[in-house]
Chemist: 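Below you'll find the structure I mean.
Lettering of chains follows the sequences in order, A, B, ..., and the numbering in each one begins at 1. All figures in this text were calculated on a predicted structure; none of them were measured in a lab.
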Amino acid sequence: MKELSIELYKKVFLIRTAEEKICEHYMEDEMKTPVHLSVGQEAISAGVCAALGDDDGQVLGTYRSHGIYLARTGESDKFFAELYGKATGVAQGVAGSMHLSAPDQGFLGTSAIVGSIIPVASGAAFANKMQGNGKTVAVFFGDGAIDEGAFWETMNAACLMKLPMIFVCEDNDLAVHTTKSMRHGYKSITDVVSQFECNVLDAETTDVEEIYNLTLKAVELYKENGKPCFMHLKYYRYREHVGVFEDFDSGYRSREEFEKWNEIDPITTQRQRLIDDRGVSEEQVKAIEADIINQVNKSIDLAKAAPLPDRAEIFKDLYA
Amino acid sequence: MRKISYGEAINEATMQEMERDPNVFVYGIGVPDHKKIFGTTAGLVEKFGDKRCFDTPLSEDAMTGFALGAALNGMRPIHVHARIDFLLLGINQIANMMASYRYSVRGKLKAPVVIRVVVGRGWGQTFQHSKTMYSAFAHIPGLKVVMPTTPKDAKGLLISSIRDDSPVLFIEHRWLYYATDEVPEEPYTIPLGKSSVLREGKDLTVVATSWMNVEALRAAELLEKRHGVSIEVVDPRTLTPLDDEPIIESVNKTGHCVIADNDWVHCGFGSEIAARVNEKSFGNLKSPTKRIGFAFTHCPGARELENAFYPNAVDIIRSVEEKLGLPKTDVDSEEFYSYERKFKGPF
């Protein structure tokens, strides 16, 4: 238990640190890639990704997938090199911030078109089912994606075909700046979805361990009843939709709301648990943090010094 | 050699590939029902079961993305659409996802998807059951677009498409399903990206796509008989990647080029051919390239109006006569393709 708790803390802390470092360096204008930061969302990326190991899970995400990439790989050298558009990046600068992937670690990829990765996840789950490999596919998407037809079409097909997959709805109440109350002609997504032949798990939590356990529960439920899972997770997006700034003064949300969520911040919550309940000393936690900060700083230095990609990259891997 | 139809050739290719590779599966709206997509999916569910040949919800968008996901995990899906008009509901998955996926993951994953789609003319289909629009798809990098005319090409090109590791849009004209020709029984491949000279000639080049090759060959036959001119007919077969060498070689030889397209002319595939002929064969041209295709309006329902919308062999004959300075021959006594001879039911 202690080991897992530390592991999960390392993941959320790596994500938070990387995102904060992006904020620190972004205005140097060397990272010429639109960033959709995962700050506030770390527990979901880390909890789900950790519960589905490389051998028993695959994940797919959106343009807001720094958290998934970092949780899945634990590495930050290629990550930053990609943001800096360098040859040493995840995808040699082709992908940028919005199209991260790590197929070797089961992170199949992302889409920057809202909702469009959801059907792809269902096909991946179908293949796993056909191959009988026992893998679960988790697909991450925001509450904006549930406005898209692709979401409903895929829910229907996945339930009909009994696909081993988890729909992870990361609900921050916002589609860019538009709240659910301005977008939805129904009361509750979980009520509607509960009419499908699926399992529904609903939580408003920033606790990475709770999300880890919920994910395991979704996998267990599939083993019991062969139904995919709709996992509805509320969270709060700390920064603007795209970019590194806070935007509590823009009129569409309030700082008070942020402060309420900040009190149960996913990083401080898990940090406190390590010290209070898991017998990890403050010094040990600080040592873990120092290692990660060091890793990220080194990654940024490496990325800045890395060579630019070869222009021939633009024709590579277009066709098989 | 035994003769089979274009539809049977597609069915045979699918059957043989499903036997060869357990990762191949076929699905789509109506795929296993009693009509069997013009017979092309006949026997598949019976032989391979409903796990490898199945119907889907009416969700073209999601079911197109589904193909991509299955392919990323090692399967080789064949997704079938009875009309390209319906496939437009899935174009987001093709243009935004499938075509760029391998590129975005730097070749670590591949997307061997075949999308089989039916185009073209029945009768009375009007404007939402008759589109072709292949130039829109040929425009997208990362996607291959294949459009065979002959039964032999249909089989060989479909097998190549299934074995190809890139996503392929495979376009079949409804009327071609009944074309019959010699087709080898054993599995064989015809490489994607190779044009084919369907008829050799020396006076004028017709570049034709899909059904228009049938019209072009009939036109060539009559032009030879009436005017003694010799027409070369080139079928690109694959629109992307396009092999323009046989086209340029032909135009260099004849000096004249008519493009008979099975789509709207404006911004159509024929425009690409015209541009390439202009770029690569300008000095050899004795006349400007001529494009023939659908009228730039929506396909009407009434038979009389359809005839004003669709191009045919006579349009090709008139274009050739104009180019070569020949008088208009009287074609009233000649027989041209008539769909009344083939179809009686709603179609």
Chemist: More than 12 non-hydrogen atoms from neighbouring residues, nucleotides or ligands closer than 6.0 Å to CZ on A:F315, yes or no?
Modeler: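 Open.
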Chemist: Under 4.5 Å from any heavy atom of chain B, what part of A:I113 do you find: side chain, backbone, both or neither?
Modeler: side chain
Chemist: For B:K110, is the NZ atom crowded, meaning more than 12 foreign heavy atoms sit under 6.0 Å from it?
Modeler: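 It does not: B:K110 NZ has 12 such atoms or fewer within range.
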Chemist: Look at atom CD of B:E245 and say whether more than 12 heavy atoms of other residues, nucleotides or ligands are closer to it than 6.0 Å.
Modeler: no
Chemist: Quick check: do B:L192 and A:Y319 have side-chain heavy atoms less than 4.5 Å from each other?
Modeler: no
Chemist: Step through the shown structure and confirm whether more than 12 heavy atoms of other residues, nucleotides or ligands are within 6.0 Å of NZ on B:K131.
Modeler: yes
Chemist: For a side chain to side chain donor-acceptor pair (under 3.5 Å) check, start with the C-alpha distance between A:S116 and B:N96, then their side-chain angles and the critical distance, and finish with the verdict.
Modeler: CA-CA 9 Å; A:S116 293; B:N96 277 324; 5.8 Å; no
Chemist: Work out which heavy atom in B:R52 is nearest to a heavy atom in A:M130; give both atom names and the distance.
Modeler: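 Nearest pair, atom of B:R52 first, then A:M130: CG-CE, 4.1 Å.
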Chemist: Looking at B:S59, B:P77, B:A67, B:P57, which has the largest count of heavy-atom pairs under 4.5 Å with chain A?
Modeler: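 Option with the greatest count: B:S59.
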Chemist: Tell me, side chain or backbone of B:D61 under 4.5 Å from chain A's heavy atoms, or both, or neither?
Modeler: both
Chemist: Does A:K162, at its NZ atom, have more than 12 non-hydrogen atoms belonging to other residues, nucleotides or ligands within less than 6.0 Å?
Modeler: yes
Chemist: Would a line drawn from the ring center of A:F126 to the ring center of B:F54 be shorter than 6.0 Å?
Modeler: yes
Chemist: Between B:M97 and A:I117, which heavy-atom pair has the shortest distance, and what is it?
Modeler: CE-CD1, 3.7 Å
Chemist: Under the criterion side chain to side chain contact (heavy atoms under 4.5 Å, CB included), I'd like the reasoning laid out for B:M63 against A:E153: C-alpha separation, chi angles, the key distance, then a yes or no.
Modeler: CA-CA 8 Å; B:M63 295 322 292; A:E153 288 188 2; over 6 Å; no
Chemist: Please assess B:M75 against A:Q131 for the test side chain to side chain contact (heavy atoms under 4.5 Å, CB included), listing each intermediate value before the final yes or no.
Modeler: CA-CA 9 Å; B:M75 306 295 288; A:Q131 291 156 4; 3.6 Å; yes
Chemist: May I ask you to name which of A:H99, A:K129, A:K135, A:Q58 has the most heavy-atom pairs under 4.5 Å with chain B?
Modeler: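 Ranked by contacts with chain B, first place is A:Q58.
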Chemist: With a 4.5 Å heavy-atom cut-off, do B:Q93 and A:V120 have their side chains touching?
Modeler: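 The answer is yes; the side chains approach within 4.5 Å.
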Chemist: Got more than 12 heavy atoms from elsewhere within 6.0 Å of CD, B:Q128?
Modeler: no
Chemist: Are there over 12 heavy-atom neighbours, none belonging to A:H184, within less than 6.0 Å of that residue's NE2?
Modeler: yes
Chemist: Looking at B:S166 and A:A320, would you say the former's side chain and the latter's main chain have a donor-acceptor pair under 3.5 Å?
Modeler: yes
Chemist: For B:N73 and A:A127, which heavy atoms make the closest approach, and how far apart are they?
Modeler: CB-CB, 3.5 Å
Chemist: Check whether A:L160 gets within reach of chain B through its side chain, its backbone, both or neither, counting any heavy atom under 4.5 Å.
Modeler: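 Only the side chain of A:L160 comes within 4.5 Å of chain B.
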Chemist: Given that the side chain runs from C-beta out, which part of A:A150 has a heavy atom under 4.5 Å from chain B: side chain, backbone, both or neither?
Modeler: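 A:A150 touches chain B through backbone and side-chain heavy atoms alike.
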Chemist: Count the heavy-atom pairs under 4.5 Å between each of A:I314, A:N133, A:T110 and chain B, then report the option with the highest count.
Modeler: A:I314
Chemist: Could you tell me which non-hydrogen atom of B:F66 sits nearest to which non-hydrogen atom of A:M161, and how far apart they are?
Modeler: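 B:F66 and A:M161 have their closest heavy atoms at CZ-CE, 3.6 Å.
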Chemist: Would you name the heavy atoms of B:S104 and A:S101 that are closest together and state the gap between them?
Modeler: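 Closest approach of B:S104 to A:S101: O-OG, 4.4 Å.
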Chemist: Count the heavy atoms of every other residue, nucleotide or ligand shown that sit under 6.0 Å from NE2 of A:H241, and state whether that count exceeds 12.
Modeler: yes
Chemist: Return the minimal non-hydrogen interatomic distance between B:A62 and A:P119, and the atom names on each side.
Modeler: O-CB, 3.3 Å
